[in-house]
S.K.: 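Mind having a look at this structure? Questions to follow.
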Amino acid sequence: MEPGNSTHISKFLLLGFSEEPKLQPLIFGLILSMYLITVFGNLLIILAASSDSHLHSPMYFFLCNLSFVDICFTSTTIPKMLWNIQTQNKVITYKGCITQIYFYIHFAGLDIFLLTVMAYDRFVAICDPLHYMLIMNPQLCGLLVLVSWVMCAMYSLLHSLMVLQLSFCIDLEIPHFFCEIKQVVQLACSDTFLNNMVMHFGAGLLGGSTLAGILYSYSKIISSICRNSSTQGKHKAFSTCVSHLSVVSLFYCTSLGVYLSPFATHSSQSSATAAVMYTVVTPMLNPFIYSLRNKDIKRALKGFSGMETFTKGAFVLRLKKCTG
């Protein structure tokens with residue numbers, strides 16, 4: 001095949017999960033349900049934490065940011081996939097593909113950085129509780145989130161610009177439901193050594209350093225909890241960490257499971273199915289994990305739903321008076 005200049009490429013084909021027509025309605029319904037649960041679940045966390053003054057603390061500030069990023073993360077890929085299934089059109093434009101690569105890497109990186117920042121927050125809260133509010137002041141919290149956004153924006157921009165320099169062959173079929181960067185680079189006819197090197201080095205540095213930070217924070221937390229002689233104190237400290245630790249484990253285990261599994265080494269639609277675990281399932285489960293394991297979130301959600309019911313009731317009464 002003759003290589004062609006990347007500027008002449010106008011579209012890619014996203015093969016998705018399956019080409020079996022009978023399975024398309026089932027896939028569409030399942031993914032749509034998961035997407036709606038993800039969006040509304042994370043939105044509820046944001047609204048509950050924002051409406052309850054007791055939750056205006058660093059931990060819930062980071063949790064709101066994580067929920068917002070999870071909504072954006074899934075919205076980068078899922079709506080396009082649902083549109084393709086519904087219209088039976090597998091095309092994504094070249095510009096659309098590069099844009100999807102940029103935002104996918106950006107929000108995936110933000111997920112990792114925010115989970116690391118949240119681990120540091122728990123480390124300070126448990127290991128140095130007397131100085132917690134002094135250390136985790138609003139300025140530092142805002143700075144940590146801002147730095148995360150800037151670093152991820154630069155990292156994703158680097159990858160996007162490097163993909164723009166590639167030339168592609170005639171075969172432009174991507175065996176995935178979105179423009180996953182590894183799959184796109186594999187379609188290139190030009191030399192991809194630099195792209196692969198930056199991908200692996202960046203993933204190793206980003207994933208390795210953040211995971212090391214999380215593990216260090218929790219090693220100190222566990223050590224601090226073990227030194228606490230009070231059983232009630234141990235239980236309280238552990239309960240504040242278990243939700244975050246569950247989300248971290250879920251995210252890293254699903255991500256590593258996909259990329260280290262035999263599916264990841266082949267350009268097959270099986271890798272697309274496996275990728276659903278960390279692109280859809282993990283963001284969907286996050287609100288359940290935080291709401292089920294966290295009494296403060298439960299109370300805020302009950303208060304929020306109660307306030308909503310009261311507002312609806314007041315509106316109905318007012319409407320009756322007006323009509324009466």
Side-chain angles (χ1 to χ4, degrees), residues 14 31-50 59-85 92-93 95-119 121 141-161 163 176-182 184 202-203 206-207 210 243-244 247-248 250-252 254-255 258 272 275-291 297:
L14 297 172
I31 298 298
L32 178 61
S33 302
M34 293 169 74
Y35 177 65
L36 291 175
I37 291 169
T38 300
V39 172
F40 288 116
N42 282 289
L43 198 58
L44 268 177
I45 294 290
I46 295 170
L47 292 172
S50 303
M59 182 175 81
Y60 294 106
F61 169 71
F62 295 130
L63 178 58
C64 285
N65 276 274
L66 181 67
S67 294
F68 174 73
V69 168
D70 278 340
I71 292 171
C72 296
F73 183 46
T74 52
S75 298
T76 302
T77 57
I78 302 304
K80 176 59 180 173
M81 183 191 68
L82 293 172
W83 174 261
N84 286 359
I85 294 172
I92 183 170
T93 63
K95 290 180 181 178
C97 190
I98 299 299
T99 304
Q100 200 174 64
I101 287 172
Y102 173 83
F103 283 108
Y104 180 81
I105 295 172
H106 179 68
F107 290 119
L110 268 172
D111 248 338
I112 295 170
F113 272 109
L114 286 173
L115 288 172
T116 308
V117 168
M118 290 171 79
D121 172 72
C141 293
L143 183 63
L144 287 170
V145 172
L146 179 63
V147 169
S148 299
W149 275 85
V150 171
M151 288 183 68
C152 290
M154 292 172 65
Y155 180 68
S156 55
L157 183 62
L158 171 66
H159 281 294
S160 302
L161 291 175
V163 173
H176 222 295
F177 62 89
F178 68 97
C179 287
E180 204 269 336
I181 187 168
K182 284 180 71 177
V184 174
L206 179 66
T210 52
S243 298
H244 177 254
V247 171
V248 169
L250 188 64
F251 184 84
Y252 274 95
T254 52
S255 302
V258 168
V276 173
M277 285 302 297
Y278 65 90
T279 55
V280 186
V281 176
T282 302
M284 180 186 72
L285 292 178
N286 286 357
F288 291 101
I289 293 170
Y290 280 108
S291 59
I297 290 287

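Note: hydrogens, waters and symmetry copies are ignored here, and every other heavy atom, side chains too, is used.
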S.K.: Would you say Phe113 and Val145 make side-chain contact, with heavy atoms under 4.5 Å?
M.R.: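 Not touching, per the 4.5 Å side-chain cut-off.
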S.K.: Between OG1 of Thr282 and CZ of Phe251, what distance do you get to the nearest 0.5 Å?
M.R.: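 Answer for the OG1-CZ pair, Thr282 versus Phe251, is 7.0 Å.
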S.K.: Applying ring pair (Phe, Tyr, Trp, His ring centres under 6.0 Å), can you list everything that pairs with Phe62, at least two apart in sequence or on another chain?
M.R.: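 By the ring pair (Phe, Tyr, Trp, His ring centres under 6.0 Å) rule, Phe62 matches no residue at all.
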S.K.: Just to verify, what does Phe177 make a ring pair (Phe, Tyr, Trp, His ring centres under 6.0 Å) with, not counting sequence neighbours?
M.R.: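 Counting only residues at least two positions away or on another chain, Phe177 forms a ring pair (Phe, Tyr, Trp, His ring centres under 6.0 Å) with Phe17.
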S.K.: Going by side chain to side chain contact (heavy atoms under 4.5 Å, CB included), name the residues that satisfy it together with Ser160, two or more places apart in sequence or in a different chain.
M.R.: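 Counting only residues at least two positions away or on another chain, Ser160 forms a side chain to side chain contact (heavy atoms under 4.5 Å, CB included) with Ile98, Ile101, Tyr102.
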S.K.: What's the separation between atom CE in Met81 and atom OG1 in Thr76, rounded to the nearest 0.5 Å?
M.R.: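 Answer for the CE-OG1 pair, Met81 versus Thr76, is 13.0 Å.
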S.K.: Using every non-hydrogen atom in the two residues, find where Ala275 and His176 come nearest and quote the distance to one decimal.
M.R.: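 Closest approach of Ala275 to His176: CB-CE1, 3.6 Å.
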S.K.: Can a donor-acceptor pair be found, under 3.5 Å and without considering hydrogens, that links the side chain of Gln100 to the backbone of Phe178?
M.R.: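 No.
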S.K.: Test side-chain contact (heavy atoms from CB on, under 4.5 Å) on Trp149 and His106; report intermediate values, then the result.
M.R.: CA-CA 8 Å; Trp149 275 85; His106 179 68; 3.3 Å; yes
S.K.: In Å and rounded to the nearest 0.5 Å, what is the CG to SG distance from Asp111 to Cys72?
M.R.: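 Nearest 0.5 Å value for the CG-SG distance: 10.0 Å.
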S.K.: Under 4.5 Å between any side-chain heavy atoms of Met284 and Tyr35, yes or no?
M.R.: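 No, every pair of side-chain atoms sits at 4.5 Å or beyond.
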S.K.: Checking Met151 against Val147 for the side-chain contact (heavy atoms from CB on, under 4.5 Å) test, could you report, in this order, the C-alpha distance in whole Å, the side-chain angles of both residues, the deciding distance, and whether it holds?
M.R.: CA-CA 6 Å; Met151 288 183 68; Val147 169; 3.7 Å; yes
S.K.: Anything under 3.5 Å between a donor and an acceptor, one on a side chain of residues 40-49, the other on a protein residue two or more places apart or in another chain? List them.
M.R.:
unit_1: Asn42; atom_1: OD1; unit_2: Ser67; atom_2: OG; d: 3.4
unit_1: Asn42; atom_1: ND2; unit_2: Thr38; atom_2: O; d: 2.8
unit_1: Asn42; atom_1: ND2; unit_2: Pro283; atom_2: O; d: 3.2

S.K.: Check side chain to side chain contact (heavy atoms under 4.5 Å, CB included) between Val281 and all other residues, then give those that pass, not counting sequence neighbours.
M.R.: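 Listed in chain order: Met34, Val276, Met277, Leu285.
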S.K.: What is the distance from atom CG of Asp121 to atom OH of Tyr60, rounded to the nearest 0.5 Å?
M.R.: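 That separation rounds to 10.5 Å.
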S.K.: For residues Leu206 and Gly109, report the shortest heavy-atom separation together with the two atoms involved.
M.R.: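 Shortest heavy-atom separation between Leu206 and Gly109 comes out as CD2-CA, 4.3 Å.
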S.K.: Does either side chain, that of Thr279 or that of Tyr104, offer a donor lying less than 3.5 Å from an acceptor on the other one?
M.R.: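 No pair is found: no donor N or O on one side chain lies under 3.5 Å from an acceptor on the other.
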S.K.: Output the distance between atom CG (Leu161) and atom NE2 (His159), rounded to the nearest 0.5 Å.
M.R.: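 The distance works out to 11.0 Å.
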S.K.: So which atom in Thr74 and which in Val280 form the shortest heavy-atom distance, rounded to 0.1 Å?
M.R.: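 Shortest heavy-atom contact: CG2-CA, 4.4 Å.
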S.K.: Closest approach of Phe73 and Ala108, non-hydrogen atoms and distance?
M.R.: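 Smallest heavy-atom distance, with atoms named: CE1-CB, 3.8 Å.
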S.K.: Please give me the minimum heavy-atom distance between Gly142 and Phe61, naming the atom from each residue.
M.R.: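 Result for this residue pair: N-CE2, 4.3 Å.
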S.K.: Distance from Ile85 atom CD1 to Ile31 atom CD1, nearest 0.5 Å?
M.R.: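 It comes to 7.0 Å.
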S.K.: With sequence neighbours excluded, tell me which residues meet ring pair (Phe, Tyr, Trp, His ring centres under 6.0 Å) with Phe68.
M.R.: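 Counting only residues at least two positions away or on another chain, Phe68 forms no ring pair (Phe, Tyr, Trp, His ring centres under 6.0 Å).
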S.K.: Can you name the closest pair of heavy atoms from His244 and Leu115 and give their distance?
M.R.: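 Looking at all heavy atoms of both residues, the closest pair is NE2-O, 2.8 Å.
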